[in-house]
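Side chains are part of it too, since the values below use all heavy atoms of this structure and drop only hydrogens, waters and symmetry mates. FYI, the numbering just counts along the sequence from 1.
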Amino acid sequence: MRLHTQEWGTGDRLAVLVHGIMTDHRTWHELAPVLTGRGYRVLAVDLRGHGASGRGAYAPALFAEDLLETLPRHPELALGHSLGALALALAVEELAPARAVYSEPAWRLSGSEGGLDPAFFTLFKRSPELLTSFSRPRDDAAAEGAERLTAERPTVEHLGAERPTAERPTTERPTTERPTAQRLTVEQLAAEHERLTFERLALEAWDENTALALSAHRLVDHTPEKAVVPSLVQVSDPSMLVSAQGRVELRRRGFEVRTVPDAPHAIHRDRFDAFVESLSGWL
């Protein structure tokens, strides 16, 4: 299946980005200007069952095949988060990037302790508010203010109506350290509203059958036998997907492993500054 892609920048270097379950290319709206500012042209896909891409059967191998059908070979950087990191790892040998980054890879869909079932994520489809409270620890007043701005819940018909722009200078991006309500600026409130809007649009468009289908693969260990290209594994601490023992094993298999302390699963979304700092030397 050829996937819907979003492109930013016109640089000579190519970076490809692959999102995780329940979201789409808009999850990279803060990273895109950072990469374009470093001379990259950025391509971000919507995996099948997500965003504006098609629907169909769902399995790890199919997600990987779609990447190979859609993306150019030999990008300088390939970065995948969670499910996107799983798909990227299965496609990486043929895709042949110069460098690969796997952020919180879902190579063991059942989690590091074997107790996670991907079908759990269908709960977020039914109760979108759970996603916000589950994923990002934030100041309550800040969250309440942003929620007021998103009171008119976006629908799937708005998909693509609010595209992130790479032209916004990175210096204008507010810090990801959540300020107190007393210090919350209009710009920071607007940025929080933007994040919530993107999350909800993506959730509206997401086909929850992806999670149900992946449940059948939850006991399969997709951890690569070796790093076939120079590869970084970025892990949150604590991580529900990569155990401490797993990190040791990944290093033995040739991966560089970096841990981001006090970070939830979506490091790039919830601890953006720490996310970029952890990628030092890989961008």
Would [X] and [Y] show up in the same hydrophobic cluster when neighbours are defined by side-chain heavy atoms closer than 4.5 Å?
| X | Y | result |
| --- | --- | --- |
| Leu3 | Leu62 | no |
| Phe120 | Trp206 | yes |
| Val220 | Leu214 | no |
| Leu212 | Leu123 | no |

Given side-chain contact (heavy atoms from CB on, under 4.5 Å), test Glu30 with Phe275 step by step and report yes or no. CA-CA 11 Å; Glu30 289 185 284; Phe275 170 78; over 6 Å; no

Please say which of Val242, Val260, Ile267, Asp262 ends up in a side chain to side chain contact (heavy atoms under 4.5 Å, CB included) with Ser236.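 Only one option passes, and that is Ile267.
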
Report yes or no: does [X] contribute a side-chain atom to a donor-acceptor pair with the main-chain N or O of [Y] at less than 3.5 Å?
| X | Y | answer |
| --- | --- | --- |
| Ser215 | Ala119 | no |
| Ser110 | Arg218 | yes |
| Asp46 | His4 | no |
| Thr36 | Pro33 | yes |
| Arg126 | Thr122 | yes |
| His50 | Met22 | yes |
| Gln234 | Leu279 | no |
| Ser53 | Gly51 | no |
| Arg258 | Leu232 | no |

To check you understand the geometry: which heavy-atom pair defines the closest contact between [X] and [Y], and what is its length?
| X | Y | value |
| --- | --- | --- |
| Glu208 | Lys125 | OE2-CG, 3.6 Å |
| Val229 | Pro97 | CG1-O, 3.5 Å |
| Arg247 | Ser239 | NH2-CB, 3.8 Å |
| Pro75 | Leu95 | CD-O, 3.7 Å |
| Ala202 | Arg26 | N-NH2, 4.0 Å |
| Pro118 | Ala211 | O-CB, 3.2 Å |

Can you confirm whether [X] sits close enough to [Y] that some side-chain heavy atom of one is under 4.5 Å from a side-chain heavy atom of the other?
| X | Y | result |
| --- | --- | --- |
| Arg41 | Glu7 | yes |
| Leu116 | Leu109 | no |
| Trp8 | His25 | yes |

Residues Leu90, Phe63; criterion side-chain contact (heavy atoms from CB on, under 4.5 Å); working and verdict: CA-CA 9 Å; Leu90 294 175; Phe63 289 120; over 6 Å; no

Would you be so kind as to tabulate the donor-acceptor pairs closer than 3.5 Å made by side chains of residues 77-85, with sequence neighbours excluded?
residue, atom, partner, partner atom, Å
His81, NE2, His265, O, 3.2
Ser82, OG, His265, NE2, 2.9

Glu76 and Arg13 ion-paired at < 4.0 Å: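 Salt bridge present between Glu76 and Arg13.
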
What pairs with Pro261 under side-chain contact (heavy atoms from CB on, under 4.5 Å), at least two apart in sequence or on another chain?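 For Pro261 there are no side-chain contact (heavy atoms from CB on, under 4.5 Å) partners, ignoring immediate neighbours.
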
May I ask you to check whether Trp28 and His19 place their ring centers less than 6.0 Å from one another?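 Aromatic pair excluded; centres sit 6.0 Å or further apart.
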
Between Trp107 and Phe255, is the gap from one ring center to the other below 6.0 Å?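 Between Trp107 and Phe255, the centre distance is under 6.0 Å.
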
Rounded to the nearest 0.5 Å, how far does [atom2] of [Y] lie from [atom1] of [X]?
| X | Y | atom1 | atom2 | value |
| --- | --- | --- | --- | --- |
| Leu88 | Ser231 | CG | OG | 8.5 Å |
| Thr23 | Arg200 | OG1 | CZ | 14.0 Å |
| Leu43 | Leu71 | CG | CG | 6.5 Å |
| Glu93 | Leu68 | CD | CG | 10.5 Å |
| Tyr40 | Leu283 | OH | CG | 6.0 Å |
| Leu47 | Asp207 | CG | CG | 12.5 Å |

Under 6.0 Å from the CG atom of Asp12, do we count more than 12 heavy atoms belonging to anything else shown?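 No, not enclosed.
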
All pairs passing salt bridge (charged side-chain N to carboxylate O under 4.0 Å, His left out) where residues 63-74 contributes a residue, at least two apart: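 Sorted pair list: Arg48-Asp66, Arg73-Glu94.
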
Steps toward side-chain contact (heavy atoms from CB on, under 4.5 Å) verdict (Val16, Thr5): CA-CA 10 Å; Val16 298; Thr5 62; over 6 Å; no

Hey, mind stepping through Ser243 and Glu113 against side-chain hydrogen bond (donor to acceptor under 3.5 Å, both in side chains) and telling me if it holds? CA-CA 8 Å; Ser243 66; Glu113 305 302 323; 5.5 Å; no

side-chain contact (heavy atoms from CB on, under 4.5 Å) between Phe272 and Leu31, worked out: CA-CA 8 Å; Phe272 184 78; Leu31 182 59; 4.1 Å; yes

